[in-house]
Amino acid sequence: MKPPFNLPAFEFAPMFPYIALAVTGMLGLVLHMVKPKGTSNSLFGWTLAGVFVALLSQIGLIGNEYMELEMVFKDKSGILAETLILLSTFVVVLISNPYFKRTRIHCPEFYPLICWASLGGMIMCTSSNLLAIFVGLELLSISLYVLAGMNKRSKFSQEAALKYFLLGAFATGFFLYGIAFHYGASGTLNLDGFSFFKSQANAPYQSLDVFAFVLILVGFSFKCGIAPFHQWIPDVYSGAPTNIVAFMATGAKVGPFIALYHLIAQSAPLQHVAFPACVALSVLSMVVGNAMAFTQSETKKLLAYSSVANAGYIMAFLAALSAARSAANWTLLYFLIGYVFATLGVFIILALAEGDQEGPQTIDSLRGLSKRHPMLAALLVVFVLSQIGIGPVAGFVGKVLIVSDLVRLDQAWLAIVLVANSAFGAFYYFKLVRSAYSEEGETTTGYELSSGAISALAICALVVVGSVIFYAPLVSQLGQR
């Protein structure tokens with residue numbers, strides 16, 4: 001008897017990292033349910049092993065391309081973006097067990113949730129179908145809503161989770177409404193449906209898809225923390241536990257930014273809308289992010305607004321892409337590599353400085369760091385320089401690549417705005433370094449260096465510096481211009 005439908009071709013190897021993460025999260029939750037008390041160490045080891053297995057299998061895919069289930073296209077850059085998410089997840093898990101013990105936060109559910117959040121981000125990196133992207137986005141978002149409120153003893157954490165959830169629900173509505181309009185206008189849920197309007201015969205439906213594009217862009221802008229849809233970021237970063245914020249600011253941003261890149265790359269017929277929208281979001285994010293970060297004395301709020309500014313730098317690149325259709329996608333990936341691991345490094349040092357204190361952490365918490373731990377202070381300088389874009393570090397090369405793309409694509413004025421904002425950002429980033437190299441104050445906290453924290457910092461430093469040393473082979477894996 002002939003089957004009612006044909007099963008699509010399926011390769012196990014490229015899907016194994018997804019399966020490994022999903023199984024690690026589900027079995028971790030079962031382990032916690034069977035033995036609810038005293039499972040933190042077991043869950044930590046199980047999750048670390050599961051993420052490591054997924055990471056190894058993902059590394060084995062680098063350099064190849066796969067098409068799965070007719071809606072997941074794993075190209076070279078998509079596979080590297082997924083590897084970036086897995087590596088950042090591995091680093092965050094490494095620091096989390098000692099962080100929980102030091103801060104006395106008991107939340108074993110963290111380990112399954114971070115696996116599922118990573119899985120959602122990975123799905124977004126390689127999906128060409130809006131429905132699949134939506135599933136990945138919600139898997140990522142719902143996990144982060146819960147993780148933000150993980151510290152049940154802190155009113156700041158509970159407030160952060162509630163604000164993130166309420167604003168996230170509105171953003172999800174915009175995104176889903178945009179998908180519905182796109183399907184109504186083009187008859188497809190694929191991103192390449194935007195090319196449907198190249199034909200003059202389909203022009204009457206273009207205005208409907210313009211509306212869909214704007215709604216989808218609003219949804220992505222919220223998830224990426226792009227101004228003016230960034231209002232949740234300062235309070236959520238300030239209130240959520242530091243290890244969760246480290247993941248929110250890094251690995252959790254990769255999937256939405258890569259999906260946004262794919263959206264802009266497929267929207268050639270809507271160039272007259274995409275370009276001014278990207279320019280406006282870029283300039284607004286750079287100016288608002290840097291201006292607000294300059295006024296902050298609280299470390300996590302300073303980094304929250306700096307993430308808004310970095311989102312503006314990425315939007316500048318996407319503006320050039322929407323104008324010329326020829327910007328290299330590996331420029332975005334290289335910038336993300338530098339941003340992710342420099343930011344992770346700073347957050348790890350902040351987590352070590354936090355101790356078991358309650359409430360917001362100020363810049364003064366870093367005072368005396370150079371006296372007690374000179375190596376930590378030196379690493380902080382490296383990570384901060386990468387954030388600013390100075391010296392032979394990944395952040396500098398990433399910004400140079402974006403500026404060169406802007407100039408090459410006749411958007412030199414936007415490159416000047418980017419450089420000016422980046423230079424202004426140095427003033428507030430150096431507040432962290434100045435505090436670390438100042439004399440100790442009356443109230444200083446200890447820095448308990450666990451093997452996990454040392455390993456995590458070593459990974460971040462190696463990537464931030466090593467991606468410059470091994471620039472040529474890295475770029476060859478991403479594909480040349």
>> What verdict does the ring-ring contact (aromatic ring centres under 6.0 Å, His included) test give for Phe175 and Phe220, after you've listed the backbone C-alpha separation in whole Å, the side-chain angles of each residue and the deciding distance to 0.1 Å?
In response: CA-CA 7 Å; Phe175 190 82; Phe220 275 132; 5.0 Å; yes
>> If you apply the rule side-chain contact (heavy atoms from CB on, under 4.5 Å), what do you find for Ser307 with Met248, and how did you get there?
In response: CA-CA 10 Å; Ser307 74; Met248 275 185 193; over 6 Å; no
> Run the ring-ring contact (aromatic ring centres under 6.0 Å, His included) check on Tyr237 and Tyr305 step by step: do they pass?
Replying inline: CA-CA 10 Å; Tyr237 278 35; Tyr305 283 112; 9.4 Å; no
> Does the pair Tyr429 and Val433 meet the rule for a side-chain contact (heavy atoms from CB on, under 4.5 Å), with working shown?
Replying inline: CA-CA 7 Å; Tyr429 277 122; Val433 176; over 6 Å; no
> Are Leu352 and Ile95 close enough, and set up right, to give a side-chain contact (heavy atoms from CB on, under 4.5 Å), and what steps lead you there?
Replying inline: CA-CA 9 Å; Leu352 293 172; Ile95 67 169; over 6 Å; no
>> Between Ile348 and Cys460, is the side-chain contact (heavy atoms from CB on, under 4.5 Å) condition met? List the steps.
In response: CA-CA 10 Å; Ile348 292 169; Cys460 293; 4.1 Å; yes
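Checked against Ser238 for a side-chain hydrogen bond (donor to acceptor under 3.5 Å, both in side chains), the options Lys301, Lys300, Glu298 give a single hit: Glu298.
Side chain of Gln411 to main chain of Ala320: no donor-acceptor pair is present (N/O by atom type, distance under 3.5 Å, no hydrogens or angles). With Tyr99 contributing its side chain and Thr242 its backbone, the two residues share a donor-acceptor pair below 3.5 Å. For the pair Thr299 (side chain) and Gln361 (backbone), a donor-acceptor distance under 3.5 Å is present. Without hydrogens or angle criteria, Ser282 side chain to Ala316 main chain gives a donor-acceptor distance under 3.5 Å. In terms of modelled atom types and a separation under 3.5 Å, the side chain of Asn97 and the main chain of Val93 share no donor-acceptor contact. Remark: the backbone N or O of Thr362 is not paired with any side-chain donor or acceptor of Ser297 at under 3.5 angstrom. No side-chain donor-acceptor contact under 3.5 Å links Thr47 to the backbone of Phe44. Judged by distance alone, with hydrogens and angles left aside, the side-chain atoms of Ser141 form no donor-acceptor pair with the main-chain N or O of Glu138 at under 3.5 Å. Between the side chain of Ser450 and the backbone N or O of Ala453, at least one donor-acceptor pair lies under 3.5 Å. Between the side chain of Arg367 and the backbone N or O of Arg434, no donor-acceptor pair lies under 3.5 Å.
In Phe165, the CZ atom is not crowded: 12 or fewer heavy atoms of neighbouring residues, nucleotides or ligands sit closer than 6.0 Å. The number of heavy atoms from other shown groups lying within 6.0 Å of OH (Tyr183) does not exceed 12.
Using modelled atom types, one finds no donor on one side chain facing an acceptor on the other under 3.5 Å when comparing Asn421 with Tyr313. Under the 3.5 Å distance criterion, with hydrogens and angles disregarded, no donor-acceptor pair is assigned to the side chains of Ser157 and Lys152. Side-chain atoms of Gln387 and Thr343 form a donor-acceptor pair, as typed in the model, at a separation below 3.5 Å. A donor atom on one side chain and an acceptor atom on the other are found under 3.5 Å apart for Thr126 and Tyr18.
The CG atom of Leu380 sits 4.5 Å away from the CD1 atom of Ile349 when rounded to the nearest 0.5 Å. For the atom pair CG (Asn243) and CE (Met150), the distance works out to 5.0 Å, reported to the nearest 0.5 Å. In this structure, CD1 in Ile388 is found 8.0 Å from OG in Ser422, a value given to the nearest 0.5 Å. Between atom CZ of residue Arg408 and atom OG1 of residue Thr331 there is a gap of 7.5 Å, rounded to the nearest 0.5 Å. The distance from the CE atom of Met375 to the CG atom of Leu449 is 11.0 Å, given to the nearest 0.5 Å. Here the straight-line distance linking atom CD1 of Ile314 with atom SG of Cys224 works out to 7.5 Å at 0.5 Å rounding.
Between Cys125 and Glu82, the closest heavy-atom pair is CB-CG, 3.9 Å. Annotation for Gly78 and Asp75: closest pair N-OD1, 2.8 Å, computed over non-hydrogen atoms. The minimum heavy-atom distance between Gly225 and Ala311, with the atom names listed, is O-CB, 3.9 Å. Between Ala342 and Val464, the closest heavy-atom pair is N-CG2, 3.7 Å. Residues Ile123 and Ala132 approach most closely at CG2-O, 3.5 Å, considering heavy atoms. Scanning both residues, Ala227 and Ser285, for their nearest heavy atoms gives N-OG, 3.0 Å.
Between Trp232 and Phe222, the ring planes are tilted. Angles from 30° to 60° get that label. Ring geometry for Tyr177 versus Phe181: interplanar angle over 60°, hence perpendicular rather than tilted (30 to 60°).
Residues Met292 and Tyr428 have side chains not in contact (no heavy-atom distance under 4.5 Å, counting atoms from C-beta outward). Taking 4.5 Å as the limit, some side-chain heavy atom of Tyr334 sits within range of a side-chain heavy atom of Val397. In this structure the side chain of Glu109 never reaches within 4.5 angstrom of the side chain of Tyr111, judged on heavy atoms. Using a 4.5 Å heavy-atom threshold, the side chains of Leu344 and Phe247 count as separate. Looking only at side-chain heavy atoms (C-beta outward), Leu113 and Leu29 stay at 4.5 Å or farther from each other. Using a 4.5 Å cut-off on side-chain heavy atoms (C-beta onward), Leu140 and Pro256 make contact. Side chains of Gln58 and Leu87 form no contact here, defined as non-hydrogen atoms less than 4.5 Å apart. By the 4.5 Å heavy-atom criterion applied to side chains, Leu376 and Leu457 are counted as neighbours.
Between Phe100 and Phe110, the ring centre distance stays below 6.0 Å. With ring centers used as reference points, Phe170 lies 6.0 Å or more from Phe174.
The stretch residues 374-409 participates, sequence neighbours left out, in no ring-ring contact (aromatic ring centres under 6.0 Å, His included) pair at all.
Seen from the ring of Phe294, Lys431 counts as a face-on cation partner, given the 6.0 Å and 45° thresholds.
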